[in-house]
Amino acid sequence: MTILVYDEIYKKHDTGLYHPENFLRIVNTVKYLKLTGTWQKLDIVKPRVATNEEIATVHSIYHREKIAELAGTGGGYVILILMFHPILTMQPYTLPVRHLRL
Amino acid sequence: MNNEANNAFCLIRPPGHHATPTRGMGFCLFNNVAVAAKYLQRKYHLDNIVIIDWDVHHGNGTQDTFYEDPSVLYFSLHRYPFYPGTGSKNETGAGKGVGSTINIPLAYDTTPKKYISIYEAILENDVKEFRPDFILISSGFDSYCLDPIGGLGLGISEYRVLTEITQKIANECCEGRIVSCLEGGYHLSDLPRCIEEHLNGLIN
Ligand SMILES: [Zn+2]
């Protein structure tokens, strides 16, 4: 079985429609996969939130705080980061940070 | 790891491979794949993780994170010279990590055939010899020929070929364990088709 990790919340990282990295990338993909039937062949898994400790394995505290601060000025949205569920295999989880307009 | 699934694709954004330990850049904030690699090592005590990056851009953030780390093999094929400017052939790691970074810079006019043959050769040799316990893919679809900001000649069906080559190596080395994470890919109508081909390769 192949898992597809997805959460509606990935749509909410708002970069604006004129930015190439915009939410239509995944909205269109989900629509298309449902239409062709590929979506139905997958085990759709909703990720969990990553902890600060897990993010700290790669990123400095300064980096995390800077993004949280920037995101705070951009509005009440959420961006997500992928990580893996401690118990279940390959279940990524997510970090809510406020929206950042890039 | 608990045999609940064969492999996984993460339909996530924003991408992550340009995010370094200390800064976000190139649409990336946190390095998803790097955090995943660290998690796998800490949680499951895996010795060797391979990160394959077929996004058209060089994953400077991932490279930085593991540049001196011999336990993570970072392998990237990317258009060069191109954003972000890093990823020349002689960037191969530092300290104990020498040899655990492989960069294949490619000219804009590289054919899909050549791309695939280079990819297969690195996987059959360097990746296999590294004895991976887990393969992560930084799966960027901006190496698709019509991508508006990238482009490196790959057609839609090439993503299935790349996936099948990777799955074969994963089957031989690490019980098929692959987690692939979306990075770039900006062609709004063809990105879904590229992703579907990748998924078809994983499903089989
Ligand atoms: Zn890219």
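Sequence lines set the chain letters: A, B, ... in the order given, protein chains first and strands last, and positions in each chain run from 1. If you're wondering where the values come from, they're calculated on a predicted model, not measured in any experiment. Only this structure's heavy atoms are used, side chains among them; waters, hydrogens and symmetry mates stay out.
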Looking at every non-hydrogen atom in both residues, tell me the closest pair between [X] and [Y] and how far apart they are.
{"X": "A:Glu54", "Y": "B:Val35", "result": "O-CG1, 3.7 Å"}
{"X": "A:Tyr6", "Y": "B:Leu11", "result": "CD1-O, 3.6 Å"}
{"X": "B:Arg13", "Y": "A:Tyr10", "result": "NH1-O, 2.8 Å"}
{"X": "A:Pro20", "Y": "B:Phe27", "result": "CG-CZ, 3.7 Å"}

(message) Under 4.5 Å from any heavy atom of chain B, what part of A:Leu42 do you find: side chain, backbone, both or neither?
(response) side chain

(message) Can you tell me which portion of A:Asn28 sits under 4.5 Å from chain B's heavy atoms? Options are side chain, backbone, both or neither.
(response) both

(message) Around atom CD of A:Glu53, are there more than 12 heavy atoms from other residues, nucleotides or ligands closer than 6.0 Å?
(response)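 No.
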
(request) Count the heavy atoms belonging to other residues, nucleotides or ligands that lie under 6.0 Å from CZ of B:Arg23, then report whether that count exceeds 12. (result)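 Check fails, neighbour count at 12 or below.
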
Measure the spacing between [atom1] of [X] and [atom2] of [Y] and express it to the nearest 0.5 Å.
{"X": "B:Glu196", "Y": "A:Thr36", "atom1": "CD", "atom2": "OG1", "result": "3.5 Å"}
{"X": "B:Asn31", "Y": "A:Ile55", "atom1": "CG", "atom2": "CD1", "result": "12.0 Å"}
{"X": "A:Leu24", "Y": "B:Ser189", "atom1": "CG", "atom2": "OG", "result": "11.0 Å"}
{"X": "A:Asp7", "Y": "B:Ile12", "atom1": "CG", "atom2": "CD1", "result": "11.5 Å"}
{"X": "B:Phe9", "Y": "A:Thr29", "atom1": "CZ", "atom2": "OG1", "result": "7.5 Å"}

For [X], is it the side chain, the backbone, both or neither that has a heavy atom under 4.5 Å from a heavy atom of chain A?
{"X": "B:Arg193", "answer": "both"}
{"X": "B:Leu188", "answer": "both"}
{"X": "B:Thr20", "answer": "backbone"}
{"X": "B:Thr22", "answer": "both"}
{"X": "B:Ile149", "answer": "side chain"}

Would you say the side chain of [Y] lies within less than 4.5 Å of the side chain of [X], judging by non-hydrogen atoms?
{"X": "A:Lys31", "Y": "B:Pro192", "value": "no"}
{"X": "B:Leu182", "Y": "A:Arg25", "value": "yes"}
{"X": "B:Ile195", "Y": "A:Thr38", "value": "no"}

(request) Specify which of A:Val27, A:Asn22, A:Asp43 makes the most heavy-atom pairs with chain B at under 4.5 Å. (result) A:Asn22

(message) Which one wins on heavy-atom pair count under 4.5 Å against chain A: B:Gly185, B:Gly24, B:Ala34?
(response) B:Gly185

(request) Considering only heavy atoms, give the residues of residues 89-101 of chain B separated from chain A by less than 4.5 Å, sorted numerically, with 'none' for an empty result. (result) none

